Amino acid sequence: MGSDADLVESITTQTSARSRALLVGTALTVAQLQHMLDVVQPPPQVVGCLLPQTSHGWVNGTIPVLGAFSDLERALSGHRVDLVLVSLPASMARKTRDLLGRIEQAGINWRWIPTLTDQITGHAPSSVPVEIFEDEASGESSRDVPDPEALSNVIDPGELLNRRPRPNDEAAIARTLGGKVVLVTGAGGSVGGELARRICRYAPSRLVLLERDHSSLTEVARQVAGLWPELARTALLHDVGDAAATRKAFEQYRPQVVFHAAAYRPDISGESDDDPLTALDDNLYATRHVVEAAIAVNVERLVMTSRWDALTGQGVPGRTRRLAERYLLDRGSRVATRMCVVRYGPVLGTLSPIIAQWSEQLAQRRPLTVPDRTRAARFTTVHELGGLVLQCAALMGTSRQSGEVVNPSELFVIDMGRPVRLLDLARRFIRAHGRAPDVEIPIAFTGKPIAAIDQPPPIDSDAQALPTQHSSIRLLPDEALPGEVMEQLISRLDALRGDDPAAPWHAADPEQVLSLLGEAEATATSSA
C-alpha cells in the first residue's frame, strides 16, 4: 500500500496552479482530502464538494457543498471543473465505479484516492477498486475482474502517463468559440466526441454534431444533453461523404467554426488490407465536401484533425490522409475562411488499441504483453488532445510566438511529450485495477512491435518546425501541392471515381488508383 507521500505526489502530477478541483466523498473523506491538498504544490483551486445525500452549507467551514452525487453533471458544467478527486470507503465500491464512469463521460480528468481509514485497516486496493458483482441466485458477492470494456472505462489515461495536463489559454479558446455556431464532423468518434464535450464548456450559441454511426451519435448527444441541458444542439445522422447533404447541412445551420474529425478508420488488426477507394472517399472526398461547404457559407475557421501517418505518406491511410491535408491547405491559402490541420500521434484512452488489448488480457487473467523491456512511445490522451485541438483553433492566424499574422492555412503538429516505456504503462495499468504487477498479473515480452503505436521521429528533431505561443504545439511549413498540380490530380481522380454518387469507383481499378497516389507523392517530394 502506498504512503500519503505517494498519494500527494500522484495528485500533484495531475494538477496545475489554476486547476479547478471538485471533491467527491463523505464529509469525513472530503475533510481528509482538504488536509492532503494543503501540502500539494502547486495546490488546485477547490470549487466545492459533493456528498452522498442532498446537502448544503460547508465542510470544515471552507469547502462549499454543491449538492449530492446526483448533481455531479450540473456541478461539472456549472463550475468549469478541470479535475475531480473522489474518495469513498471501499464498502462503496459500486458507487465509486458509477461516479468515475460519469466523470469519464464528461471528459474531465479524475483521481481516485483511498480513504485514510481503508489504508490503515488494509481494506483499500492499490488504486481504483475492483468491481463487486452480486450473485442473483444466492445474493452473495464475489470479487472478480469485470469485462474488458468495463476495465478500460475506469482507466484515467493521464494517470497511466503520470504527467500533468498541458494548460491551455482558456480565455483565447472562449473568445474563439463563445457565442458561435460550432459544428463537429465525426462527432461519435473518440476525438470528435471529446471535442463535442469540451466545446460545450465555452458556451457556443449552438453545437451541431454530424456522425454516420447511429449508436455513437446517440451516445455523444446523450452525454451533451445530460451535461449541458440548456445548450442549443443538433445531432444529425449524416455522412460527410455525401456532398449535397453536407452542403445542405452547412447552409441550414450556418456554422462559424468547424472541427472536421471524420476520417477513414484503418484495420489495425492486420486481418485485411486497407481499401484505397474507401480511404479516398472517407479522407480526401469527405474533406473536400466539408471544405467546399465551409467556403460556401463563409465559415470563419475550419480545423481538420489528422494523424501522424500523414507525415510519411506511406500506406493507404497515410497517403489519402496526406492528400486530404494538402487539399485543405491549398484551398485555405486562397480563400477568406481560415483553415488548419492538426496532426497528432497515438492517443492513449479507453478506445486505444493497446488499452483494449490489455483490458482483454486482464479480463481473461492472461499475462499483459509488451514488445520488450525497453520499448517506449510518445502518447497524448484524448482529454489532452481535445484541449490542444481547441487551442489550435484559437491560434489560427496568430500562431507564432511574436503573434504576427501568418498564412491563413496552417499545419500544426502536437508535441507528444517524452517517450514512456510500455512496460511502465503496463504496470500502472495493472495497479489501476487493484492488482500487483509481476505478482498477481505477469507481463510477457513478445519481441513484436505494436503497429498501432509505431511512431515517426519526435517533432523537436525537425529543424523546420516553428514554435508557437503554446509549448506543446509546433507549426510546420505549408505542405500544400501547387494549385495547378492539385487540380490536375483531383480531375484524374474524379474521372476514375465517376459521377454516380450511388456507385462511386464502380469501374475503377484499385491498383490504378494506388499508382496515381504514388505519382502525387512523388510530385510533392520533387516540388518541395
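All residue numbers in this chain count up from 1 along the given sequence. Just so we're clear, the structure is a prediction, and the values are computed from it rather than from any experiment.
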Peer 1: So which atom in Gly48 and which in Leu22 form the shortest heavy-atom distance, rounded to 0.1 Å?
Peer 2: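 For Gly48 and Leu22, the tightest heavy-atom pair comes out as O-CD1, 3.5 Å.
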Peer 1: So, taking the atom named CG in Leu236 and the one named NZ in Lys248, what distance separates them when rounded to the nearest 0.5 Å?
Peer 2: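 If I round to the nearest 0.5 Å, the distance is 10.5 Å.
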Peer 1: Let's go through Arg254 and Glu251 carefully: what are the C-alpha distance in whole Å and the side-chain angles of both, what is the deciding distance for salt bridge (Lys or Arg N to Asp or Glu O under 4.0 Å) to 0.1 Å, and is it a yes or a no?
Peer 2: CA-CA 5 Å; Arg254 316 294 294 190; Glu251 289 176 343; 5.8 Å; no
Peer 1: Could you check whether any side-chain heavy atom of Arg201 comes within less than 4.5 Å of a side-chain heavy atom of Ile108, counting everything from C-beta outward?
Peer 2: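 With C-beta onward as the side chain, the pair touches.
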Peer 1: Could you check if a side-chain atom of Phe250 sits within less than 4.5 angstrom of a side-chain atom of Glu292, using non-hydrogen atoms only?
Peer 2: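 No; the side chains remain at least 4.5 Å from each other.
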Peer 1: With no hydrogens and no angle check, do the side chains of Ser215 and Thr218 hold a donor and an acceptor under 3.5 Å apart?
Peer 2: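 No, no side-chain donor-acceptor pair sits under 3.5 Å.
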Peer 1: Does Asp169 offer a backbone N or O that forms a donor-acceptor pair with the side chain of Gln391 under 3.5 Å?
Peer 2: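 Yes, Gln391 side chain to Asp169 backbone: donor-acceptor pair under 3.5 Å.
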Peer 1: Determine the minimum heavy-atom distance between Ala294 and Thr337, stating which atoms define it.
Peer 2: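 Result for this residue pair: O-OG1, 4.0 Å.
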Peer 1: Would you tell me whether Glu384 and Tyr344 have side-chain atoms, one donor and one acceptor, within less than 3.5 Å of each other?
Peer 2: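 On atom types as modelled, these side chains do not qualify, holding no pair under 3.5 Å.
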Peer 1: For the pair Arg102 (side chain) and Leu100 (backbone), establish whether a donor and an acceptor sit closer than 3.5 Å, ignoring hydrogens and angles.
Peer 2: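 The answer is no, because no donor-acceptor pair under 3.5 Å joins these two groups.
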Peer 1: Whether the Asp500 and His506 side chains hold a donor-acceptor pair (N or O, under 3.5 Å, no angle test) is what I'd like checked.
Peer 2: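 There is no such pair (donor and acceptor under 3.5 Å, judged by atom type) between the side chains of Asp500 and His506.
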Peer 1: Determine, for Tyr285 and Arg497, whether the Lys NZ or Arg CZ falls below 6.0 Å from the six-membered ring centre while staying within 45 degrees of the axis.
Peer 2: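 Yes, Arg497 sits over the ring of Tyr285.
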Peer 1: I'd like to know if the side chain of Thr29 reaches the main chain of Gly25, judged simply by a donor and an acceptor atom lying under 3.5 Å from each other, with no hydrogens or angles considered.
Peer 2: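 Side chain of Thr29 to backbone of Gly25, a donor-acceptor pair under 3.5 Å: no, none is there.
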Peer 1: Counting distance only, does the side-chain N/O of Glu410 pair as donor-acceptor with the main-chain N or O of Gly397 below 3.5 Å?
Peer 2: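 Between the backbone of Gly397 and the side chain of Glu410 there is a qualifying donor-acceptor contact (under 3.5 Å).
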Peer 1: Is it the case that the side chain of Ser205 and the backbone of Lys180 share a donor-acceptor pair, with hydrogens and angles ignored and the cut-off at 3.5 Å?
Peer 2: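 Yes, Ser205 side chain to Lys180 backbone: donor-acceptor pair under 3.5 Å.
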Peer 1: Salt bridge or not between Glu300 and Arg338? Use side-chain N to carboxylate O under 4.0 Å.
Peer 2: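 Looking at Glu300 and Arg338, the cut-off is not met.
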Peer 1: Could you tell me if Arg80 sits above the aromatic ring of Tyr202, with its cationic atom closer than 6.0 Å to the ring centre and no more than 45 degrees from the axis?
Peer 2: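 Satisfied, under 6.0 Å and within 45°.
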Peer 1: Is there a donor in the side chain of Gln105 and an acceptor in the side chain of Arg222, or the other way round, less than 3.5 Å apart?
Peer 2: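 Yes, because at least one side-chain N or O of Gln105 sits under 3.5 Å from a partner of the opposite role on Arg222.
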Peer 1: Give, for atom CD of Gln357 and atom CG of Leu362, the distance between the pair rounded to the nearest 0.5 Å.
Peer 2: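 Answer rounded to 0.5 Å: 12.0 Å.
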Peer 1: Checking Ser77 side chain against Arg74 main chain: does a donor-acceptor pair fall under 3.5 Å?
Peer 2: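 Flag set: sc Ser77 to bb Arg74 pair under 3.5 Å.
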Peer 1: Side-chain donor-acceptor pair under 3.5 Å between His238 and Glu211, yes or no?
Peer 2: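 His238 vs Glu211: no donor-acceptor pair found between side chains.
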Peer 1: For a quick check under 3.5 Å, do Gln45 and Ser19 share a side-chain donor-acceptor pair by atom type?
Peer 2: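 Side chains of Gln45 and Ser19: no pair found under 3.5 Å.
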Peer 1: Regarding Thr287 and His260, is there a side-chain donor-to-acceptor distance under 3.5 Å anywhere?
Peer 2: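 Checked: Thr287/His260 side chains pair up, N/O donor to acceptor below 3.5 Å.
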Peer 1: With salt bridge (Lys or Arg N to Asp or Glu O under 4.0 Å) as the criterion, how do Arg247 and Asp242 come out once you've worked through the C-alpha distance, each side chain's angles and the decisive distance to 0.1 Å?
Peer 2: CA-CA 9 Å; Arg247 177 71 171 266; Asp242 186 330; over 6 Å; no
